[in-house]
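Presented below is the structure to which this report refers.
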Amino acid sequence: MPDPRVHDPAEREALMERVRRLLREQDAVLVAHYYTDDDLQLIAEETGGCVADSLEMARFGARHAATTLVVAGVRFMGETAKILNPEKRVLMPELGAECSLDLGCPAEEFVPFCDAHPDRTVVVYANTSAAVKARADWVVTSSIAVDVVRHLHQRGEKILWAPDRHLGRYVQDQTGADMLLWQGACVVHEAFQADLLRQVMAAHPEAAVLVHPESPEDVIALADVVGSTTQLIDAARRLSNDTFIVATDRGIFYKMKQAAPHKTFIEAPTGGAGATCVSCAHCPWMAMNGLRNLAAVLETGTNEITIDEDIRRRALRATQRMIDFRAGI
Ligand code: 13P
Ligand code: SF4
């Protein structure tokens with residue numbers, strides 16, 4: 001896969017300037033995820049856009065007055081922006097930026113699975129297609145999943161959960177809800193290894209361990225804090241430890257270092273390149289976003305997200321519930 005980062009300082013500055021100008025000219029705002037390239041996070045912040053987890057990306061896009069949202073992340077993030085903002089133009093630097101959870105839960109298989117369990121409330125992770133969201137009762141992200149499922153469990157509802165089996169098991173554990181789990185996984189987080197993590201922890205006994213809940217159960221069991229990307233950054237700022245071992249995509253280090261400049265961040269170990277690790281703590285799809293394709297979409301208007309209107313309306317119901325639930329917390 002080509003490296004999207006721009007290493008030549010002159011080219012980088014020229015691209016940055018082009019992006020700043022185009023964002024202004026196009027009445028556009030950049031909404032970036034923490035896992036994207038540092039340059040994209042920098043320019044999003046600098047130009048009044050946002051760098052956030054998937055829930056806050058959705059909320060920011062819906063609140064902002066710009067008529068074009070440029071979503072630097074993976075496809076489901078662009079689709080969520082369009083579901084919530086049909087009147088806005090939503091562009092992405094790379095439409096081929098997928099997510100293994102989304103790919104592993106095609107609507108043609110998911111819909112009959114739901115139909116076979118009509119007694120269950122369907123809760124899907126945001127990392128799904130618009131067509132899957134259209135079959136759901138609720139959409140959640142990792143930052144809000146436990147709260148939503150606890151609420152549904154307290155109302156006596158049984159849950160059908162998709163697609164991430166690790167996050168689903170974690171939520172089940174935290175809430176005690178009756179959950180039937182789709183068996184999807186994230187290629188990035190699934191590669192973290194508990195036995196290797198224990199070795200790093202032994203070498204850094206002073207460190208706190210921060211884990212994203214898409215990680216396997218035995219890795220989560222070693223965590224001091226389990227949470228969404230924003231919650232992990234907050235923990236890095238809040239905890240008194242000077243060192244952190246972090247089990248999520250390494251793109252998050254840009255913001256963690258900003259949040260706690262004097263602290264040390266260590267990547268949690270994976271099998272390593274050439275072993276079982278497919279992605280080695282960096283999402284291959286997030287990595288498709290760079291300054292060059294960002295400038296190009298702003299210039300050409302290509303890579304616009306479109307969603308069939310009937311699917312969008314149905315997906316909006318479940319997505320809006322998440323936004324409203326968040327507003328009520
Ligand atoms: P967050 O909502 O925690 O940012 O997670 C999104 C994601 O894709 C993590 O892999
Ligand atoms: Fe999907 Fe995993 Fe990449 Fe997040 S890190 S976008 S869950 S493949």
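These numbers come from the heavy atoms of this one structure, side chains and all, not from hydrogens, waters or symmetry mates. Note that ligands are numbered from 1 as they come in the structure, with each ligand's atoms numbered from 1 the same way. Owing to the predicted nature of the structure, the values given are computational and were not obtained by experimental measurement.
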Q. So what's near atom 1 (Fe) of ligand 2, protein N, O or S atoms under 2.8 Å?
A. C99 SG
Q) Of all the atoms in ligand 1, which lie at a distance below 4.0 Å from a heavy atom belonging to H33? A) 1 (P), 4 (O), 6 (C)
(Q) Rounded at 0.5 Å granularity, tell me how far CG in D39 sits from CD in E46. (A) 10.0 Å
Q.
For the OG1 atom of T270 and the CD atom of E190, what is their distance to the nearest 0.5 Å?
A. 12.5 Å
Q: Starting from atom 2 (O) of ligand 1, find the nearest protein heavy-atom neighbour and note its residue, name and distance.
A: S54 OG, 2.5 Å
Q. Side chains of T175 and R150: donor-acceptor distance under 3.5 Å anywhere?
A. no
Q. Can H189 be said to touch ligand 1, with heavy atoms closer than 4.0 Å?
A. yes
Q: Identify the protein heavy atom lying closest to atom 5 (O) of ligand 1, giving its residue, its atom name and the separation to 0.1 Å.
A: H212 NE2, 3.4 Å
Q. Once you round to the nearest 0.5 Å, how far does NZ of K257 lie from CG of D38?
A. 8.0 Å
Q.
Suppose I only count heavy atoms of D53 and a 4.0 Å limit; which atoms of ligand 1 are within that range?
A. 1 (P), 2 (O), 4 (O)
(Q) Suppose we measure from atom 8 (O) of ligand 1 to each protein heavy atom; which comes out shortest, and what is that distance? (A) N127 ND2, 3.1 Å
Q: Considering the heavy atoms of Y35, write down every atom of ligand 2 situated less than 4.0 Å from one of them.
A: 5 (S)
Q | Distance-only N or O hit between ligand 1 and T229, under 3.5 Å | A | yes
Q: Using side-chain contact (heavy atoms from CB on, under 4.5 Å) as the criterion, list what pairs up with Q320, not counting sequence neighbours.
A: L84, L316, I323, D324
Q) What's the shortest heavy-atom distance between W285 and S100, and which atoms? A) CZ3-N, 3.4 Å
Q. Any heavy atom of M286 sitting closer than 4.0 Å to ligand 1?
A. no
Q) Looking only at non-hydrogen atoms, which of P213, A126, S142 approaches atom 3 (O) of ligand 1 most closely? A) S142
Q | Heavy-atom closest contact (R312 atom, I83 atom, distance) | A | NH1-O, 2.9 Å
Q | Side chains of V74 and Y35 in contact at under 4.5 Å (non-hydrogen atoms) | A | no
Q | Salt-bridge contact E25-R18 (side-chain N to carboxylate O under 4.0 Å) | A | no
Q | Pair T230, Y34: side-chain N/O donor-acceptor within cut-off below 3.5 Å | A | yes
Q | Closest protein heavy atom (residue, atom, distance) for atom 10 (O) of ligand 1 | A | E214 OE1, 2.9 Å
Q) At a non-hydrogen distance cut-off of under 4.0 Å, which region of Y35 contacts ligand 1 (side chain, backbone, both, or neither)? A) side chain
Q: Please find out if less than 6.0 Å separates the ring center of Y170 from that of H166.
A: no
Q | Side-chain donor-acceptor contact under 3.5 Å, S143 with T141 | A | yes
Q) Under 4.0 Å from any heavy atom of S228, which atoms of ligand 1 are there? A) 3 (O)
